[in-house]
Enquirer: 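This structure is in structure tokens; I'll ask about it shortly.
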Amino acid sequence: MTTSNTHVMNKKQLIKSIFIALFIGFVVLITAVLPAEYNIDPLGTGKLFGFSRLYVDDTQEIKPIDTQPVSQLNFKKLKLEKLGSPASVPKPIEANSPPPSEQFTEQNNTINVTVPAGKGIEYKFKALKYGSIKYEWSTANDAIVYIDFHGEVLQENPPENVFYESYTLAYSNNMAGTFTAPFEGKHGWYFRNNNKEDIVVTIRLKGQYKLFDK
């Protein structure tokens, strides 16, 4: 015959255990559940222990992500083959001339260029071989233009098909950089405006260059 030592709680102990369990549940509700689930933090414990950071407001409208591909802007992809003159146009021997003993005096200018709707224009400056120029340009109202930043070698008797070297092709509303002229000649931008309104391009130059007389 075996004897059981199982402890049986009396009524008073059972009621006490229930109250303790209810109290613990209430404390957990106030300190953790309400801040985390409902963003209610009457005692500040949610913020203190970090439970408030778990709250997510699922009543807010979720904004759809714009997944339109850039190609819908109707820009043609720029290819390496489009850089500069075609292979049939030879590079002038003047491009191999040595740099001068002195560069142009450093200066800085700000120029506004209006590019008519549906048309393209060029803006260029003079630079000697290895002359250094910092540049920046931007469009009014952030309008996008096509640009070909390029240069033409100074020649005494230039041919009908002039050689030019492209440095950058892009579609943009703003660009900045430092340029070192690879040869003496005129360098600058061809801006093409495919929009229905004129676009003003503001160009800033600083460095060893000269502007063409107007």
Side-chain angles (χ1 to χ4, degrees), residues 70 73 75-195 198-214:
V70 176
L73 296 175
F75 293 155
K76 292 182 179 179
K77 186 174 291 187
L78 301 173
K79 302 283 189 176
L80 180 148
E81 289 77 13
K82 295 295 184 180
L83 289 168
S85 300
S88 59
V89 180
K91 191 172 185 177
I93 58 173
E94 289 89 344
N96 299 320
S97 299
S101 57
E102 291 185 8
Q103 292 288 338
F104 288 139
T105 303
E106 185 167 311
Q107 59 176 309
N108 63 81
N109 295 93
T110 299
I111 309 102
N112 290 322
V113 178
T114 300
V115 188
K119 296 183 179 181
I121 64 169
E122 289 191 334
Y123 183 84
K124 289 190 172 74
F125 54 86
K126 302 175 187 176
L128 303 176
K129 190 170 186 176
Y130 299 159
S132 179
I133 300 99
K134 291 183 178 180
Y135 66 87
E136 168 201 318
W137 65 263
S138 60
T139 60
N141 301 321
D142 292 329
I144 301 294
V145 293
Y146 166 79
I147 67 109
D148 182 347
F149 182 31
H150 63 281
E152 299 173 13
V153 182
L154 178 64
Q155 297 176 264
E156 290 187 7
N157 298 302
E160 183 178 351
N161 293 325
V162 177
F163 171 88
Y164 69 95
E165 188 169 302
S166 290
Y167 312 128
T168 301
L169 300 181
Y171 297 99
S172 185
N173 58 2
N174 171 239
M175 194 170 290
T178 299
F179 168 69
T180 300
F183 44 73
E184 180 179 357
K186 51 185 179 180
H187 310 266
W189 296 268
Y190 169 76
F191 295 102
R192 174 74 186 180
N193 177 8
N194 294 325
N195 297 279
D198 295 353
I199 295 175
V200 176
V201 180
T202 300
I203 304 170
R204 292 181 58 203
L205 297 171
K206 181 178 181 181
Q208 300 163 326
Y209 66 91
K210 278 187 177 180
L211 298 180
F212 284 93
D213 296 331
K214 294 182 179 179

Enquirer: Taking the ring of Tyr167 and the ring of Phe179, is the distance between their centroids below 6.0 Å?
Expert: yes
Enquirer: Treating Tyr164 as the side-chain partner and Gly84 as the backbone partner, does any N or O pair qualify as donor plus acceptor under 3.5 Å?
Expert: yes
Enquirer: State the CZ-CG distance between Phe149 and Leu169, to the nearest 0.5 angstrom.
Expert: 11.5 Å
Enquirer: In Å and rounded to the nearest 0.5 Å, what is the CZ to CG distance from Phe104 to Leu128?
Expert: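 Going from CZ on Phe104 over to CG on Leu128, the span is 3.5 Å.
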Enquirer: Please, which pairs that meet side-chain hydrogen bond (donor to acceptor under 3.5 Å, both in side chains) have at least one residue in residues 111-131, sequence neighbours excluded?
Expert: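 The answer is Asn112-Thr202, Glu122-Lys124, Glu122-His150, Lys124-His150.
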Enquirer: Would you please name every residue forming a salt bridge (charged side-chain N to carboxylate O under 4.0 Å, His left out) with Arg204, sequence neighbours left out?
Expert: Glu136
Enquirer: Suppose the criterion is salt bridge (Lys or Arg N to Asp or Glu O under 4.0 Å): which pairs have a residue in residues 170-194, not counting sequence neighbours?
Expert: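 Qualifying pairs, neighbours excluded: Glu152-Lys186.
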Enquirer: Are Val113 and Trp189 close enough, and set up right, to give a side chain to side chain contact (heavy atoms under 4.5 Å, CB included), and what steps lead you there?
Expert: CA-CA 11 Å; Val113 178; Trp189 296 268; over 6 Å; no
Enquirer: What's the separation between atom OG1 in Thr110 and atom NZ in Lys206, rounded to the nearest 0.5 Å?
Expert: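 If I round to the nearest 0.5 Å, the distance is 11.5 Å.
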Enquirer: I'd like to know if the side chain of Asp198 reaches the main chain of Ala117, judged simply by a donor and an acceptor atom lying under 3.5 Å from each other, with no hydrogens or angles considered.
Expert: yes
Enquirer: Taking the side chain as every heavy atom from C-beta outward, state whether Asn193 and Pro116 have any pair of such atoms under 4.5 Å apart.
Expert: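 No, their side chains stay 4.5 Å or more apart.
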Enquirer: Please work out which of the three classes, parallel, tilted or perpendicular, describes the rings of Phe125 and His187, given edges at 30° and 60°.
Expert: tilted
Enquirer: Sorted by first residue and then second, give each salt bridge (Lys or Arg N to Asp or Glu O under 4.0 Å) pair with at least one member in residues 154-167; sequence neighbours left out.
Expert: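 Matches after skipping sequence neighbours: Lys91-Glu165.
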Enquirer: Measuring from atom CG of Asn161 to atom OG of Ser88, what distance do you get when rounded to the nearest 0.5 angstrom?
Expert: 7.0 Å
Enquirer: Drop me the distance from Glu102's CD to Gln208's CD, to the nearest 0.5 angstrom.
Expert: 11.0 Å
Enquirer: Distance check, rounded to the nearest 0.5 Å: Glu94 atom CD versus Phe163 atom CZ?
Expert: 11.5 Å
Enquirer: Which atom pairs, one a donor and one an acceptor, fall under 3.5 Å between side chains of residues 137-148 and the rest of the protein, sequence neighbours left out?
Expert:
unit_1 : atom_1 : unit_2 : atom_2 : d
Thr139 : OG1    : Ala143 : N      : 3.0
Thr139 : OG1    : Ala143 : O      : 2.6
Thr139 : OG1    : Asn173 : O      : 3.4
Asp148 : OD1    : Ser166 : OG     : 3.0
Asp148 : OD2    : Ser166 : OG     : 3.4

Enquirer: At their closest point, which heavy atom of Gly131 faces which heavy atom of Ile133, and how far apart are they?
Expert: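 Heavy atoms only, the tightest pair is O-CD1, 3.7 Å.
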Enquirer: Which heavy atom of Val153 sits nearest to which heavy atom of Pro92, and what is that distance?
Expert: CB-CG, 4.0 Å
Enquirer: Tell me the closest heavy-atom pair linking Val115 and Gly120, and the distance in Å.
Expert: CG1-CA, 4.5 Å
Enquirer: Among all residues two or more places apart in sequence or in another chain, which pass the salt bridge (charged side-chain N to carboxylate O under 4.0 Å, His left out) test with Glu106?
Expert: none
